[in-house]
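In this text the structure is predicted, and so the values were computed from the model without any measurement.
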Amino acid sequence: MRKFEKLRVSLRKEGIDQRYLSKQIGRSAPYISERLCGHREWQLEDIYSIMDLIHRPYEEIPIYFPRKGVPVTRIQTRPPRRFKLVEVR
């Protein structure tokens, strides 16, 4: 999976390419490319601007901008607890 895949998909759905995105947030095309590839971190103001462009609420920032660009999958380290049903008298 490519880095920032969910963001890439949303940008594509909105018809936003890297050149247009760079103009909208006032950055250069290489700046956008370096961030989408995960070579550099995004600035918070850029994140807010992009969320506005793709019409997503700020609460979804962790979904579109996961740490290091890759969503974390939940790893279960131990089996779930099994509870015994006990009859109470």
Side-chain angles (χ1 to χ4, degrees):
M1 177 184 260
R2 293 178 4 184
K3 294 187 180 211
F4 299 102
E5 187 63 29
K6 186 130 178 127
L7 174 61
R8 291 172 187 268
V9 169
S10 291
L11 289 169
R12 209 171 302 123
K13 283 181 182 176
E14 294 290 331
I16 299 172
D17 62 8
Q18 288 187 27
R19 186 175 304 172
Y20 180 79
L21 179 61
S22 66
K23 288 179 183 176
Q24 290 301 305
I25 66 172
R27 300 290 188 168
S28 67
Y31 175 93
I32 300 299
S33 179
E34 288 176 348
R35 272 115 191 116
L36 284 174
C37 291
H39 298 302
R40 300 205 186 262
E41 297 291 326
W42 291 96
Q43 296 295 311
L44 189 56
E45 278 304 312
D46 298 333
I47 291 172
Y48 283 125
S49 297
I50 293 169
M51 293 300 284
D52 290 340
L53 283 171
I54 61 173
H55 310 305
R56 303 305 310 158
Y58 299 145
E59 292 82 19
E60 293 181 6
I61 286 174
I63 296 169
Y64 291 90
F65 293 90
R67 191 173 289 241
K68 305 291 184 196
V70 181
V72 176
T73 56
R74 190 170 192 177
I75 299 172
Q76 194 169 354
T77 56
R78 59 182 170 172
R81 293 182 181 172
R82 303 205 188 281
F83 295 101
K84 211 182 229 187
L85 292 176
V86 178
E87 188 176 315
V88 180
R89 294 181 186 197

- Task: May I have the step-by-step check of side-chain contact (heavy atoms from CB on, under 4.5 Å) for Ile61 and Tyr48, ending in yes or no?
- Result: CA-CA 8 Å; Ile61 286 174; Tyr48 283 125; 3.7 Å; yes
- Message: Using a 6.0 Å cut-off, check whether atom CZ of Arg8 has over 12 heavy atoms from anything other than its own residue.
- Response: yes
- Item | Value rounded to 0.5 Å, distance of OG in Ser49 from CG in Leu21 | 9.0 Å
- Message: For a quick test of reading the model, state the closest non-hydrogen atom pair linking Phe4 to Arg35 and the distance between them.
- Response: CE1-O, 3.1 Å
- Message: Please give me the minimum heavy-atom distance between Tyr20 and Asp17, naming the atom from each residue.
- Response: N-OD1, 2.8 Å
- Nearest heavy-atom pair of Glu14 and Ile54: which atoms, and what distance? OE2-O, 3.8 Å
- Query: So, for Ile32 and Gln18, which heavy atoms are closest and what is the spacing to 0.1 Å?
  - Reply: CG2-CG, 4.0 Å
- Message: Please evaluate residues Trp42 and Leu36 with respect to the criterion side-chain contact (heavy atoms from CB on, under 4.5 Å), reporting the C-alpha separation (whole Å), side-chain torsions for both, the decisive distance (0.1 Å), and the verdict.
- Response: CA-CA 9 Å; Trp42 291 96; Leu36 284 174; 3.9 Å; yes
- Query: Does the side chain of Tyr64 come within less than 4.5 Å of Val9's, by heavy atoms?
  - Reply: no
- How far does CD1 of Ile25 sit from CG of Asp52, to the nearest 0.5 angstrom? 11.5 Å
- Query: Between Lys3 and Val70, is any pair of side-chain heavy atoms under 4.5 Å apart?
  - Reply: yes
- Item | From CD (Glu45) to CD1 (Ile47), nearest 0.5 Å | 10.0 Å
- Mark yes or no for whether Ser10, through its side chain, and Leu7, through its backbone, hold a donor-acceptor pair below 3.5 Å. no
